[in-house]
Amino acid sequence: MTEQTVAFDYADTGSGPALLFLPGSFGTGTGWKPLDPKVAGCAPDIASIFDLSLDGSTAVGNLWSGCYNKDVDAAVWTAKTGFVRLPKVREGKTCPWDESESCEGDARANAVSSDGRTVAGFESFPEIAARVGVIWRGNEIEVMRDPYGANWFDGYAGEILGMNSAGTIAVGGQVGPETNEAYMWTATGGTRGLGRMPDNLCYLDWMTEEKVCVDVLRETVANSVSDDGKVVLGSSFGEAAIYTPQMKWMLLSEFLEKQGVLETSRWYLLGGVVAASGKTIAGTGLPLAGSYYQGFRVDLDQVFVCVGKGKGAQTMRVSFPDAMDQQLARGATVGFCPGDQPL
């Protein structure tokens, strides 16, 4: 790829200095140049880019043609077409309680397939105060439904945050009875729940003097998925989390610490994405004793699991994620056995 499309700040309106958020492209031969969205905008917002196709020829994001929710559209950019708005499910919809009031929400494209043909993101449905996941294929729109059925958002699933290269798998959040679980969509199977991180809050009941633990309903969202759908990255209460079918959700810092990466106990891992292969993770962390952000990359070609119980337990190094999940299905646990040390 010789040129890639990114977002940057461009501070000049032609009628005096002002801070505007404009998309732009960077090429090794051309340097930075703004991409004109050709819309009025709503200062400082005019257009933004959230994802690129594999060769950088297609970019997706949103456009502001005005300052109302209905004026914000998901959009696709190519050098040939410029910015093209994507259709909405509820375009022109009025509110049931007042037909003079618009219930057309804003929309944004968050992810695009490698070939640029499949786009995913959200459209807001104002009457239920929700960002609903949608997938665009040209002018065709597919709306995400909650695989569990009824929820606080009339049975709709929340926004899509990530997609695989082929555009056949997408991930997001806000499904389940409490709209706090992650989900996965596939072109062949529709949506299915991925669950959430369990999190118990324990305290001493002063009247009974007994320890009481309650589930605080920790919300978990998925934002990145490998090409085969076997590894998902997401977050829970602002911390990066990792998912495989057998392991389910685990905080990324906990997972890495169990693999002998002891440094993660001193870092707050804010989020990450997983490569198409499912074997490389990159993200951002915040050191607990510092006030700066630091990027990180982790290669997970092989990981450690503890096989067996008691004195017969043995630490094994296996490939990730397939062999790890196979061992977990047989009763193994993630990480080193008690008493073992990183090799």
Side-chain angles (χ1 to χ4, degrees), residues 50-54 58 60 74 76 86 89 107-123 130-151 153-177 179-197 219-236 241-250 272-281 320-322 324-326 328-329:
F50 277 72
D51 197 19
L52 299 170
S53 61
L54 182 63
T58 302
V60 298
V76 175
L86 295 171
V89 177
R108 186 177 71 205
N110 292 328
V112 62
S113 59
S114 290
D115 62 9
R117 296 181 180 180
T118 305
V119 179
F122 75 85
E123 179 182 333
R131 286 181 170 184
V132 176
V134 292
I135 290 178
W136 293 271
R137 302 178 191 87
N139 288 323
E140 177 189 339
I141 311 174
E142 182 174 351
V143 179
M144 299 294 102
R145 301 292 300 188
D146 192 323
Y148 302 110
N151 65 17
F153 299 148
D154 278 358
Y156 291 105
E159 74 176 293
I160 293 173
L161 297 169
M163 179 182 283
N164 72 342
S165 300
T168 56
I169 302 175
V171 292
Q174 293 192 317
V175 298
T179 61
N180 59 2
E181 299 182 26
Y183 74 91
M184 176 183 290
W185 168 92
T186 65
T188 56
T191 56
R192 65 179 179 87
L194 298 180
R196 63 178 175 86
M197 285 280 305
E219 182 179 9
T220 304
V221 299
N223 63 264
S224 181
V225 61
S226 61
D227 274 355
D228 59 10
K230 294 180 179 179
V231 183
V232 178
L233 258 288
S235 63
S236 186
I242 185 172
Y243 172 98
T244 70
Q246 287 297 325
M247 181 177 68
K248 307 306 180 185
W249 286 106
M250 183 180 291
V273 293
V274 61
S277 66
K279 295 180 181 294
T280 300
I281 293 169
F320 178 86
D322 291 337
M324 182 194 80
D325 266 7
Q326 290 170 6
L328 296 183

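This structure is a prediction, so every number in the text was calculated from the model and none was measured.
Thr118 places no side-chain N or O within 3.5 Å of a backbone atom of Ser113 that could act as its donor or acceptor partner. Under the 3.5 Å distance criterion, the side-chain polar atoms of Ser53 are matched with a main-chain donor or acceptor of Thr58. Not a single donor-acceptor pair under 3.5 Å links the side chain of Trp136 to the backbone N or O of Gly121.
The nearest pair of heavy atoms linking Ser224 to Gly272 is CB-O, 4.4 Å. Considering all non-hydrogen atoms of both residues, Tyr148 and Glu181 come closest at OH-OE1, 3.0 Å. For Thr244 against Pro321, the heavy-atom pair with the smallest separation is CG2-CB, 4.3 Å. Across every non-hydrogen atom of Leu328 and Gln246, the tightest pair is CB-CB, 4.0 Å. What you find for Phe122 and Asn110 is that their closest heavy atoms are CD2-ND2, 4.1 Å. Here the closest non-hydrogen pair linking Asn151 and Tyr156 is ND2-O, 2.9 Å.
For the atom pair CZ of Arg137 and CZ of Arg117, the computed distance is 13.0 Å after rounding to the nearest 0.5 Å. Atoms CZ and CD, from Arg108 and Glu159 in turn, are 5.5 Å apart once rounded to the nearest 0.5 Å. Taken to the nearest 0.5 Å, the CE atom of Met250 stands 13.0 Å off from the OG atom of Ser236. Note that OG1 of Thr280 is 10.5 Å distant from CZ of Phe320, once rounded to the nearest 0.5 Å.
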Go through the steps for Ile135 and Met144 under the test side-chain contact (heavy atoms from CB on, under 4.5 Å), then give the verdict.
-> CA-CA 8 Å; Ile135 290 178; Met144 299 294 102; 3.9 Å; yes
Let me see the working for Tyr183 and Arg192 under side-chain contact (heavy atoms from CB on, under 4.5 Å), right down to the final yes or no.
-> CA-CA 6 Å; Tyr183 74 91; Arg192 65 179 179 87; over 6 Å; no
Name each donor-acceptor pair under 3.5 Å that joins a side chain in residues 226-235 to protein atoms two or more places apart or in another chain, with its distance.
unit_1: Ser226; atom_1: OG; unit_2: Asp228; atom_2: OD1; d: 2.8
unit_1: Ser226; atom_1: OG; unit_2: Gly229; atom_2: N; d: 3.4
unit_1: Ser226; atom_1: OG; unit_2: Lys230; atom_2: N; d: 3.3
unit_1: Ser226; atom_1: OG; unit_2: Val231; atom_2: N; d: 3.2
unit_1: Ser226; atom_1: OG; unit_2: Val231; atom_2: O; d: 3.4
unit_1: Asp227; atom_1: OD1; unit_2: Ser165; atom_2: N; d: 2.9
unit_1: Asp227; atom_1: OD1; unit_2: Ser165; atom_2: OG; d: 2.9
unit_1: Asp227; atom_1: OD2; unit_2: Ser165; atom_2: OG; d: 3.3
unit_1: Asp228; atom_1: OD1; unit_2: Lys230; atom_2: N; d: 2.9
unit_1: Lys230; atom_1: NZ; unit_2: Asp322; atom_2: OD1; d: 3.1

Acceptor/donor pairs from residues 184-191 side chains to any protein atom, 3.5 angstrom cut, sequence neighbours excluded:
unit_1: Trp185; atom_1: NE1; unit_2: Glu142; atom_2: OE2; d: 3.1
unit_1: Thr186; atom_1: OG1; unit_2: Gly189; atom_2: N; d: 2.9
unit_1: Thr191; atom_1: OG1; unit_2: Arg145; atom_2: O; d: 2.8

